[in-house]
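A quick write-up on the structure given underneath.
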Amino acid sequence: MDTKKPTQQKPKSERPAAADAKSAEPAGGTAPETSRSLNFIEQIIEEDLRTGRFEGRVHTRFPPEPNGYLHIGHAKSICLNFGLAARYGGLCNLRFDDTNPSKEDIEYVESIMDSVRWLGFDWGDRLYYASDFFEQLYEWAVQLIRAGKAYVCDLTADQIREHRGTLTAPGKNSPYRDRPIDENLDLFRRMRAGEFPDGARTLRAKVDMASPNLNMRDPVLYRILHASHHRTGDRWCIYPMYDFTHGQSDSIERITHSICTLEFENHRPLYDWFLDELGIYHPQQIEFARLNLTYTVMSKRRLLELVEEECVNGWDDPRMPTLVGLRRRGYTPEAIRGFCERIGVAKFNSVIDVAVLENSIREDLNRRAPRVMAVLRPLKLVIDNYPEGQVEELEAVNNPEDPAAGTRKVPFSRVLYIEQDDFREAPPKEFFRLAPGREVRLRYAYLVTCTSVVKDERTGQIVELHCTYDPATRGGNTPDGRKVKGTIHWVAAQHALKAEVRLYDHLFSVPDPSDVPAGGDYRDFLNPKSLEVLSDARVEPSLAGAAAGSRYQFERQGYFCVDAVDSRPERLVFNRTVSLRDTWAKIEKKQK
RNA sequence: UGGGGAAUGGUGUAACGGUAGCACGACUGGCUCUGGACCAGUUAGUCUAGGUUCAAAUCCUAGUUCCCCAGCCA
């Protein structure tokens, strides 16, 4: 792989895995106390439990191919499979479906395991690789040959396609279809022995070239591929197809409910055919609709393209829907699990509004993120009647949602920075922040009134504000009961830390980037403003030494986390995970 | 025009013959030292047409629309 690797990060704020899979797990592991209604998969499982099918076991698995990084769509599958196992006191395996050495890489298996663990799930000692089953699969292929149910075919790929027929027309039998069993056995052995070049022959199942289900038209079982495999090295030069591997792997692992996405529905009859012809244990496959999200793309192919073409900065770019990307962005495993719970599961192809994801992380972080003050676009404010050189330590609440989080001291002095957006020389209707002659509250500090505005003579840009403060309002209180509409955040110029802040927005500027007009490309919809870097931000001094990955609410702005890759003690870098709901922005938009 | 699936407010998802509910969004209002959070409320839905039934999102029939399948990918 020549793609950029995401940095392995281990923010210590992360809980150890599985600890809180509790949300989905009734300790006993028997029937769940169910207040919530059942999704269609749970209904099937409960029916199986009732009828004693599978001896009352529930055993699922998450079976990724290690050919890319996991994304939020995989999270849906992971939460489903591990969640079901937890809910019904069963087990869930992790299995790599690694049957195509040309696309797979150890880099991917490592990141996949890391992401599953990060999400909070534990496969115990049940880590499997389809490649561990290669020998058994080979024997099963031989068994089919002996039973006259498989044959070695010398047709080229093109010829096989021609023989396959079309959606409406039946296929034609391969001229090699009736090759004697002994000859098949010999040829297949020699395929394995490496006597033939790539593509020279295949092993095919003998099913039915006239089947309306194209998967049943003598599908290829084995292809010759002189490629070295990330796990089996050069031991094999023939590799089983996914279709000949997946169902039998589930069978070997004694999976009860084999949950996969909708496009495999057409393959189920083939898997059933293999299992029945081989006479081996038969799991139940259940298909569900994969996740789609607005304003992003979700296919591994496209994500790989974005990385390789450097449309983003690697798999863990905070704009990516990958788990490593979301993690670096500041998303918590809890929020992602909550999201997966909330979107449900069905067989209907749907698109979830990304606002649901954003709501999930806000909900989680609102509960737990400490609040701090940070000024993203600083505007100098001088309090003319405040004693020069004086510094006061004012008390600020760490988290109004969590009294146990306590309070901290924030330094205040004569020269401050406030947000440029919090001042308007000509305030529009309903703007109740600072403006000439107006009074606002500086959060946890004092009420100030704007007395004058200093502008750059050449550009006319506002460079400084002058105010007077009311000493009686220390702490932000109004002893006279006076009401102030606006409260704004600030940092003391002398004490503030300089920081870089990265504001992220949707990667694409349209809800469905896959919906491209003829001749267009989804990349045409990349949002040019998906990343805005603010290099002159100021944050309150309590943030000195903030740990990589730690998350905060910058009051009135959003949730931010310390970037795990680029942040340094002497120069903090923050990623905006998600903004706060911005009612004022909505009002302002409406006014236009 | 073969086969396999699926259709419930703007978006998701429940209801399993008996009051169409929940979440997100949108919109009101309340509260607030975050225009955050929170609280209260409003909006808005059973693909169509027939049929069965006291009663249909649910059962039956016929349509319509959408998705998947012609890799030696998974």
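Residue numbering restarts at 1 for every chain, and letters A, B, ... go by the order of the sequence lines.
- In the interface, the side chain of A:R433 is paired with the base of B:G35 through a donor and an acceptor atom under 3.5 Å apart.
- With distances taken from any side-chain atom of A:T202 to the nucleotides B:A14, B:G35, B:C72, the minimum falls on B:C72.
- Atom CE in A:M241 sits about 14 Å away from atom C1' in B:A70, given to the nearest Å.
- For B:C72, neither phosphate oxygen OP1 nor OP2 lies less than 4.0 angstrom from any side-chain nitrogen or oxygen of A:R204.
- Summary of the strand contacts: A:P212 and A:Q557 both lie near RNA chain B, and taking for each the nucleotide with the nearest heavy atom, the more 5' one is attributed to A:P212.
- In this structure, the nucleotide among B:A14, B:A6, B:C69 sitting nearest to the side chain of A:K347 is B:A6.
- The base of B:C68 is paired with the side chain of A:N266 by a donor and an acceptor separated by under 3.5 Å.
- Checked by atom type, the side-chain pair A:R61/A:S258 shows a donor-acceptor distance below 3.5 Å.
- The separation between A:I361 atom CD1 and B:C24 atom C1' is 16 Å, rounded to whole Å.
- Considering only side-chain atoms of A:P400, the nucleotide from B:U34, B:C24, B:C72 that sits closest is B:U34.
- Salt bridge present: A:E363 and A:R342 bring a charged side-chain N and a carboxylate O closer than 4.0 Å.
- Residue A:R164 has its side chain nearest to B:G71 when only B:G36, B:G71, B:A14 are considered.
- Comparing B:A74 with B:G17, their C1' atoms are spaced 43 Å from each other, to the whole Å.
- Nucleotides B:U46 and B:U13 have their C1' atoms positioned 13 Å apart, rounded to a whole Å.
- For A:T487, the listed nucleotide lying nearest its side chain is B:G35; candidates were B:C24, B:G35, B:C67.
- A:V351 comes within 4.0 angstrom of the backbone, heavy atoms only, and of no base.
- When the side-chain nitrogen and oxygen atoms of A:R556 are compared with OP1 and OP2 of B:G35, one or more of them lie within a distance under 4.0 Å.
- Remark: B:A49 base-pairs with B:U61; criterion is Watson-Crick or G-U wobble with both hydrogen-bond distances under 3.5 Å.
- Remark: B:C66 base-pairs with B:G5. Criterion, Watson-Crick or G-U wobble with two distances under 3.5 Å.
- Across B:U1, B:G36, B:A14, the shortest atom-to-atom separation from the side chain of A:N366 is found for B:G36.
- Of the side-chain N and O atoms in A:T99, one or more sit less than 4.0 angstrom from OP1 or OP2 of B:A74.
- Across B:G45 and B:C24, the matching C1' atoms stand 16 Å from one another, rounded to whole Å.
- Contact check on A:R302 versus A:E305 returns no salt bridge, with no Lys/Arg side-chain nitrogen under 4.0 Å from an Asp/Glu carboxylate oxygen.
- Taking 4.0 angstrom as the limit, A:T583 places a side-chain polar atom (N or O) nearer than this to OP1 or OP2 of B:G36.
- In this structure, A:F348 does not count as stacked on the base of B:A6 under the 5.5 Å centre distance and 30° plane angle limits.
- Comparing B:A70 with B:U58, their P atoms sit 35 Å apart, to the nearest whole Å.
- Comment: A:D132 engages A:R231 in a salt bridge, judged by a side-chain N to carboxylate O separation of less than 4.0 angstrom.
- A donor-acceptor contact under 3.5 Å is not formed by the side chain of A:E358 with the base of B:C24.
- Taking every heavy atom of both residues into account, A:Y295 and A:F508 meet most closely at CD2-O, 3.3 Å.
- For A:I352, the side-chain atoms get nearest to B:G12 when compared with the rest of B:C27, B:G12, B:G2.
- Here A:R482 pairs with A:D470 in a salt bridge; the nearest charged N to carboxylate O distance falls below 4.0 Å.
- With B:C16, B:G71, B:C72 as the candidates, the nucleotide lying closest to the side chain of A:Q43 is B:C16.
- Base orientation for B:G5: anti, the chi torsion being more than 90° from 0.
- For A:R342 against B:U13, no side-chain N or O and base N or O form a donor-acceptor pair under 3.5 Å.
- Ranking B:G71, B:C27, B:G4 by closeness to the A:K586 side chain, first place goes to B:C27.
- Between A:E419 and A:R433 there is no salt bridge, since none of the side-chain N atoms of the basic residue sits less than 4.0 Å from a carboxylate O of the acidic one.
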